[in-house]
Amino acid sequence: MPKRKNSISKKVENEKSRHLDAIEHTHTLVQAEKLAALGTIAAGVSHEINNPLSFLLSNIESLETYMKTFRILIDRYQQYVDTVKLQGLSLLSQDMVREISAIRDKSEVDFMLSDYESLLKDSLEGVFRIKEIISGLQTFSRPTGKEIEAVDVNHCIEVALRVVSNELKYKCLLSKELGQVPEVNVNAGLLLQVFINILVNAAKSIHEKGTIKVSTYCDFRDVHIKIIDSGCGISEDDQKKLFMPFFSRNHETGKMGLGLSVSYGIIKEMGGRIEVQSSLGVGSAFTISIPHERRKS
Amino acid sequence: MTSNIKKIRVLYVDDELNVLRSYQRALRGEDFEISFAQSGAEALDLIRKMPTFQVLVTDFRMPGMNGIELIREAKKALPQLECAILSGFADEATIQNALAQSTIRYFWLKPIGNDQLRQNLRELVSRVGSMV
């Protein structure tokens with residue numbers, strides 16, 4: 001009898017070890033896919049940051065010129081006030097008024113006064129754009145954790161769109177129909193990874209010009225996120241293998257096809273599913289469905 | 001010399017409106033006339049309406065057509081156009097090729113400070129100025 005007990009406990013131990021290995025393996029795949037995706041979007045992200053940096057640098061230098069001019073004018077006004085206080089209105093004070101007017105005309109102070117608010121508004125917009133990109137990248141690249149939190153799917157889609165903006169904007173007309181959907185209890189970084197993966201794939205499937213439509217909606221059980229592209233489409237044969245590890249349609253680049261299988265695994269782990277409908281030459285629609293009633297674990 | 005430079009007409013193209021506005025600020029008061037366009041199509045439309053531009057500076061990556069495609073189209077109407085790309089991102093081989101074939105005179109990398117921007121533009125403009 002004790003012999004049998006030993007054998008059962010050994011079996012349990014083996015099972016446990018296999019399970020831990022599987023978890024470890026999944027995490028490794030998720031991390032590997034994350035790195036591969038980062039490689040794909042890195043150039044685009046740097047361009048997305050470079051653009052606001054360009055106008056921030058220029059605006060700050062322009063603002064420096066404005067401030068120097070304002071400083072000179074304030075000093076001159078102060079000198080004028082001091083002179084009038086001491087001497088009253090005089091020939092000297094009249095000269096000073098003329099000098100102030102000349103400075104105003106020469107340095108286009110009226111333009112500066114009318115422009116500085118717009119300059120600051122543009123610059124702040126640039127700072128927020130960089131902040132959003134960095135925050136999206138931080139969510140995306142932090143080590144795969146298990147923290148489950150209430151995630152606003154629409155916000156997560158917006159972050160993903162911002163991170164991959166450079167992959168999309170030069171060839172895709174993007175439309176969004178984000179409905180009112182409840183939050184889902186998932187890991188935000190993993191969900192973002194799935195969105196980025198599917199959006200990058202959608203952009204890659206469009207060779208010249210096309211459209212991508214992103215919509216969110218819900219039913220009593222699930223929140224659905226639908227990403228439709230007008231790309232090259234996927235053959236019926238390929239659709240069957242699409243979520244299998246290492247399946248790639250990217251034969252030219254030789255890139256390993258981990259992305260969709262990893263995304264499939266992530267969504268499955270969340271209790272959800274990914275479905276695809278596609279026609280060759282017409283485009284594809286990926287629907288991600290995640291239950292919104294899932295309890296925090 | 002100054003009066004010649006004053007006549008020179010520059011067209012600057014960038015799809016990012018905030019970049020256009022910031023360079024509009026930075027280039028106020030320069031001794032050349034500068035117009036701005038937000039896309040290749042808009043730039044070509046301007047060139048058709050006013051075929052007097054002598055300098056074209058453009059971003060590389062833009063929706064519709066990229067900077068090199070725009071320059072090639074623009075040069076069909078204005079073969080003497082002096083051109084440069086000012087961009088934070090560009091396909092290296094395309095740029096090398098465009099430089100080698102003299103499609104563009106310069107490639108400048110963003111971000112760029114206002115002093116450097118003005119200096120670069122003056123240099124490009126002076127090439128036209130010396131030919132006027």
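Values reported hereafter were calculated over all heavy atoms of this structure, with side chains retained and with hydrogens, waters and symmetry mates removed. Per chain, numbering begins at 1; letters A, B, ... match sequence-line order.
Heavy atoms of other residues, nucleotides or ligands lying less than 6.0 angstrom from NZ of Lys209(A) number more than 12. For Met50(B), the CE atom sits in a packed shell: over 12 heavy atoms of surrounding residues, nucleotides or ligands are nearer than 6.0 Å. More than 12 heavy-atom neighbours from other residues, nucleotides or ligands sit within 6.0 angstrom of CZ on Phe107(B). At most 12 heavy atoms of other shown residues, nucleotides or ligands fall within 6.0 angstrom of atom CD in Gln277(A). Residue Arg71(A) qualifies as open at atom CZ: its count of foreign heavy atoms under 6.0 Å is 12 or below.
In terms of non-hydrogen atom pairs under 4.5 Å with chain B, the most contact-rich of Leu53(A), Leu56(A), Asn51(A) is Asn51(A).
The two residues Ser58(A) and Ser22(B) have their closest heavy-atom pair at OG-O, 3.3 Å. Across every non-hydrogen atom of Arg61(B) and Tyr170(A), the tightest pair is O-CE2, 3.2 Å.
For Asp15(B), the part lying under 4.5 angstrom from a heavy atom of chain A is the side chain only. At a 4.5 Å heavy-atom cutoff, Thr65(A) makes no contact with chain B through either its backbone or its side chain. Neither the backbone nor the side chain of Ile60(A) comes within contact range of chain B, judged by heavy atoms closer than 4.5 Å. At a 4.5 Å heavy-atom cutoff, Lys171(A) makes no contact with chain B through either its backbone or its side chain.
Salt bridge absent: Glu108(A) and Arg25(B) never bring a charged side-chain N and a carboxylate O closer than 4.0 Å. Salt bridge annotation for Arg28(B)-Asp115(A): absent, with no cationic side-chain nitrogen under 4.0 angstrom from a carboxylate oxygen.
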Can Leu57(A) and Lys110(B) be said to form a side chain to side chain contact (heavy atoms under 4.5 Å, CB included), step by step?
CA-CA 10 Å; Leu57(A) 175 63; Lys110(B) 279 186 198 162; over 6 Å; no
Between Arg118(B) and Glu61(A), does the salt bridge (Lys or Arg N to Asp or Glu O under 4.0 Å) criterion hold? Intermediate values first, please.
CA-CA 12 Å; Arg118(B) 285 188 281 259; Glu61(A) 287 187 2; 5.6 Å; no
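Neither side chain, Asn59(A) nor Arg21(B), offers a donor N or O lying under 3.5 Å from an acceptor on the other.
Inter-residue side-chain proximity for Ser54(A) and Ile112(B) is flagged as unmet; no heavy-atom pair is nearer than 4.5 Å.
Applying the ring-ring contact (aromatic ring centres under 6.0 Å, His included) criterion to Phe111(A), with sequence neighbours excluded, gives no partner residue.
Each of Val19(B), Asn18(B), Leu17(B) was scored for a side-chain contact (heavy atoms from CB on, under 4.5 Å) with Asp122(A), with one residue passing: Asn18(B).
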